[in-house]
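Following: one structure in structure tokens, then a few remarks.
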Amino acid sequence: MAPVKISHVVSYSSQDPKYPVENLLNPDSQKGPWLSCPQDKSGQLKAELQLERAVPISYIDVGNCGCAFLQIDVGRSSWSLDRPFVTLLPATMLMSLADSKQGKNRSGVRMFKDDDFLAPASGESWDRLRLTCSQPFTRYQSFGLAFLRVRSSLDSPDDPVIDPSAPVSSGLSQDHGGIKKEGSQQLQSNNIRKALNINSRMKHVAGTSNHRERRS
């Protein structure tokens, strides 16, 4: 499974100046987590992240830092701003009510895979992530994420990917943001060339056989 780089932050609702959302761009850095602003008592924290390319998302590893719930929605950078994203990971509990109130187990790690993701988002290609972190049980501590790692079923960046401006798949409604998976023109050309080569070799063999029969 190839890691997918988060290229930049598109938007966010809140951040602690000491622990900005940019800390999520490099999950292996030692800069610290992304935390809500200490003055923000809304209990909700959002960020939209741009991936380096549109890929099917197979695994997401999350390092928690005080969140009670996390939801991940996906979309495309080519979409209009008013188009709704699609839910990939529904709101999932990362901390219990008791742990939230007592400040325990704030730094757990969760690993999500295909079986945890919802259709029709699972299996399609996306280049935008929208994170929604919630902590409704206590308003006295900042919360957020320690890290976020995204991995794809594609083995390497050289594997073919779907262009962000590709048309929507007929199998999914436009609201679901399905992406049509078509063979590339290059692959079609290669198949045609192979077929012509095979046909040419068959004609050559047949011609050689007829020539030998006439000589005999």
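The basis for the numbers below is simple: all heavy atoms, side chains too, and nothing from hydrogens, waters or symmetry mates.
The closest side-chain heavy-atom distance from Val9 to Glu48 is not below 4.5 Å. Residues Ser58 and Asp114 form a side-chain contact, since some pair of their non-hydrogen atoms from C-beta on lies under 4.5 Å apart. Inter-residue side-chain proximity for Ile60 and Phe117 is flagged as met; some heavy-atom pair is nearer than 4.5 Å. No side-chain heavy atom of Val62 sits under 4.5 Å from any side-chain heavy atom of Phe147. Within the 4.5 Å cutoff, the side chain of Leu88 has no heavy atoms near those of the Leu118 side chain. With a 4.5 Å cut-off on side-chain heavy atoms, Met111 and Tyr59 do not count as touching.
A salt bridge between Arg128 and Asp73 is absent, with no side-chain N of the basic residue lying under 4.0 Å from a carboxylate O of the acidic one.
Environment of OH in Tyr12: sparse, with no more than 12 heavy atoms of neighbouring residues, nucleotides or ligands closer than 6.0 Å.
Residues Leu89 and Leu49 share a hydrophobic cluster, clusters being chains of Ile/Leu/Val/Met/Phe/Trp/Tyr side chains in contact below 4.5 Å. Leu51 and Leu148 fall within a single hydrophobic cluster, where Ile, Leu, Val, Met, Phe, Trp and Tyr are joined by side-chain heavy atoms under 4.5 Å apart, directly or via other members. Follow the hydrophobic side-chain contacts under 4.5 Å out from Met95 and you never reach Leu70; the two are in separate clusters. Cluster annotation: Leu24 and Phe69 are assigned to distinct hydrophobic clusters (Ile/Leu/Val/Met/Phe/Trp/Tyr, side-chain heavy-atom contacts under 4.5 Å, transitive). Under a hydrophobic clustering in which Ile, Leu, Val, Met, Phe, Trp and Tyr are joined whenever their side-chain heavy atoms come within less than 4.5 Å, directly or via other members, Ile6 and Val55 fall into the same cluster.
Between the side chain of Trp126 and the backbone N or O of Ala121 there is at least one donor-acceptor pair closer than 3.5 Å. Remark: side-chain polar atoms of Thr87 are not paired, donor with acceptor, to backbone N or O of Pro90 under 3.5 angstrom. Distance alone, capped at 3.5 Å, places no donor-acceptor pair between the Ser122 side chain and the Ala119 backbone. Lys104 places no side-chain N or O within donor-acceptor distance of the main-chain N or O of Lys101, the cut-off being under 3.5 Å.
A side-chain donor from one of Ser77 and Asp127 sits under 3.5 Å from a side-chain acceptor of the other. Side-chain atoms of Gln135 and Ser100 include a donor-acceptor pair closer than 3.5 Å. Side-chain contact of Gln141 with Arg106: a donor-acceptor pair under 3.5 Å is present, judged by distance alone.
Between Asp82 and Ser80, the shortest heavy-atom distance links the atoms OD1-OG, 2.7 Å. The shortest heavy-atom contact between Ser142 and Ser36 is OG-O, 3.2 Å. Listed here is the closest heavy atom pair of Pro56 and Ser152: O-OG, 2.8 Å.
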(request) Go through the steps to decide whether Arg151 and Ile57 satisfy the test side-chain contact (heavy atoms from CB on, under 4.5 Å), and finish with yes or no. (result) CA-CA 6 Å; Arg151 287 180 287 167; Ile57 297 172; over 6 Å; no

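Residue Cys65 is tested with Leu35, Leu145, Leu94 for a side chain to side chain contact (heavy atoms under 4.5 Å, CB included); the sole match is Leu35.
Judged by a 6.0 Å distance limit and a 45° cone about the ring axis, Arg83 is not positioned over the six-membered ring of Phe85.
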